[in-house]
Protein chains: 2
Amino acid sequence: MEQLIQHLKHFHQLSEALQHNLERYFTKVVLPKNELLITEGSVCRQLYFLETGCLRGFYNLDGKEITHWLGFENDFVTSFHSFITQQPAVENIQLMEGCVLWAISKETLGGLFEEYNEVERLVRIAYEKYYIRLEERFVNSQFRTATERYEHLLQRAPHVVERVPLGYVASYLGISQETLSRIRGRL
Amino acid sequence: MEQLIQHLKHFHQLSEALQHNLERYFTKVVLPKNELLITEGSVCRQLYFLETGCLRGFYNLDGKEITHWLGFENDFVTSFHSFITQQPAVENIQLMEGCVLWAISKETLGGLFEEYNEVERLVRIAYEKYYIRLEERFVNSQFRTATERYEHLLQRAPHVVERVPLGYVASYLGISQETLSRIRGRL
DNA sequence: CAGATCTTTTGACAAGGATCAAAATCCGTC
DNA sequence: GACGGATTTTGATCCTTGTCAAAAGATCTG
């Protein structure tokens, strides 16, 4: 919980009141490796904060699993599309390690928006940062070669390669596992 | 101005007060075709609403212009990275037609956040929608073939192909102009 | 430690798309 | 209507990456 509070403060300061009440709103969730946090077809009603562990988002395309997202400590986790629109998720989120998460429901979060307008601001700022991050990833994915993307990942987030199976990393980078293996061999 | 108000109402209702004062905060900008709204290296201090016309965002990569974004009526326009962080933009935004825009500065917008907390909410909701949209585009770009991406564009936004030169559309889809021309010939 | 299973590497081949070059169209302007 | 420039198409070739298949390494479990 302390870790979540510290992380939220990176976005915006928290009032004393909110800080002290925060544990009422979040629920601790501990799950083992391989568990599915979110499954395709179900509506995602919770937003999670990942305290420890790592996980991946994937969906099925023509019978293949596409890993489109990887999450680590201090990431917010949800199927954003489903959480925001309350339509069924098109993706699954699976734990790659045992994880400790803190969950808050959409309703509770909505209540916080009403009660503390610093939360509205905090979330707005969080979206700004997440948006920029996604934009950068998009540009890299579309306009860089496979080798460049892997080198960029190594440079920006070397822990990913150490903690995530090669096949998932390859899919995340939008290349086949074999190609990634060959790129690694060459470097 | 009426169009901007209507568009904002799609995200969240506006108080009477805000609605009536809105023109004080936005400045009308009319620019001719080919003009650069934002240039690489300069800090972007304005957010624009595009009332009529269309434009493109592009940046230089190894001497080539990469068009990574296209904007049309009712889009918000800025270099988000630069506007949010107030660092120099890495991209240019150029008008593909004569345009009517409404500009608001970062400072003025910040003032609105303080004065009307419905604005904070509205912007938060706008980010949610923009985030989902970008996510979808990202997934399509990384995991679909060139032909699929073009068909998807034709289906979702046929006006793009009619108003935007082929070379820009190709770049936007992440393929070469020649390949796009061949795809069109085949369909 | 052996067997089973999962993950990574290697090899051969095919396909999609890029690049370079040239021809064909389209368009605005004098 | 003719010229010049921009835009789009077509052709030939090459390169990167995907796919399929198999081997080699890891890892887990009893």
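A, B, ... follow the sequence lines: proteins, then strands. Residue 1 opens every chain.
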Qualifying residues under salt bridge (Lys or Arg N to Asp or Glu O under 4.0 Å), relative to B:E73, sequence neighbours excluded: B:R163
Is any side-chain N of the basic residue among B:E151 and B:R156 closer than 4.0 Å to the acidic one's carboxylate O? no
With a 6.0 Å cut-off (strictly less than), is the heavy-atom count around CD of B:E23, excluding the residue itself, greater than 12? no
Would you grab the first and last nucleotide of DNA chain D (5' to 3') that comes under 4.0 Å of any non-hydrogen atom in chain B? D:dT8 to D:dA12
Any B:K33 side-chain N or O less than 4.0 Å from OP1/OP2 of C:dG28: no
Checking B:Q87 now: which residues fulfil side-chain contact (heavy atoms from CB on, under 4.5 Å) with it, not counting sequence neighbours? B:H81, B:T85
Should the side chain of B:R182 and the base of C:dG16 be counted as holding a donor-acceptor pair, with the cut-off at 3.5 Å? no
Taking only distance into account, with no hydrogens and no angle test, what donor-acceptor pairs under 3.5 Å do side-chain atoms of residues 174-185 of chain A form with protein atoms, sequence neighbours excluded?
| unit_1 | atom_1 | unit_2 | atom_2 | d |
| --- | --- | --- | --- | --- |
| A:S176 | OG | A:T179 | N | 3.2 |
| A:S176 | OG | A:T179 | OG1 | 3.0 |

Go through residues 166-181 of chain B and report each residue with a non-hydrogen atom lying under 4.0 Å from DNA chain D, sorted by number. B:L166, B:G167, B:Q177, B:E178, B:S181
Between C1' of C:dC6 and CE of A:M96, the distance in whole Å: 16 Å
Angle separating the five-pair end axes of the helix from C:dC1-D:dG30 to C:dC30-D:dG1, nearest 10°, is 40°
Does B:R124 pair with A:E120 as a salt bridge, N-O distance under 4.0 Å? yes
Before accepting this row, confirm whether a basic side-chain N of the pair A:E65/A:R56 lies closer than 4.0 Å to the acidic partner's carboxylate O. yes
Under the ring-ring contact (aromatic ring centres under 6.0 Å, His included) definition, can you give me all pairs with a residue in residues 106-144 of chain B, not counting sequence neighbours? A:F80-B:Y131
Contacts of B:H7 that satisfy ring-ring contact (aromatic ring centres under 6.0 Å, His included) - sequence neighbours left out: B:H10, B:F11, B:F49, B:F76
B:T52 side, atom OG1; B:Q3 side, atom CD - distance, nearest 0.5 Å: 7.5 Å
The criterion is salt bridge (Lys or Arg N to Asp or Glu O under 4.0 Å); which residues satisfy it with A:E40, sequence neighbours excluded? none
Which ILVMFWY residues are connected to B:I38, directly or by a chain of links, through side-chain heavy atoms under 4.5 Å apart? B:V29, B:L31, B:L37, B:Y48, B:L50, B:L55, B:W69, B:V77, B:I93, B:L95, B:L101
Near DNA chain D, under 4.0 Å by heavy atom, which residues of residues 136-154 of chain A? A:T145, A:A146
Salt bridge (Lys or Arg N to Asp or Glu O under 4.0 Å) involving A:E115 - partner list, sequence neighbours excluded: none
From CD1 of B:I183 over to C1' of C:dA18, roughly how many Å is that when rounded to an integer? 12 Å
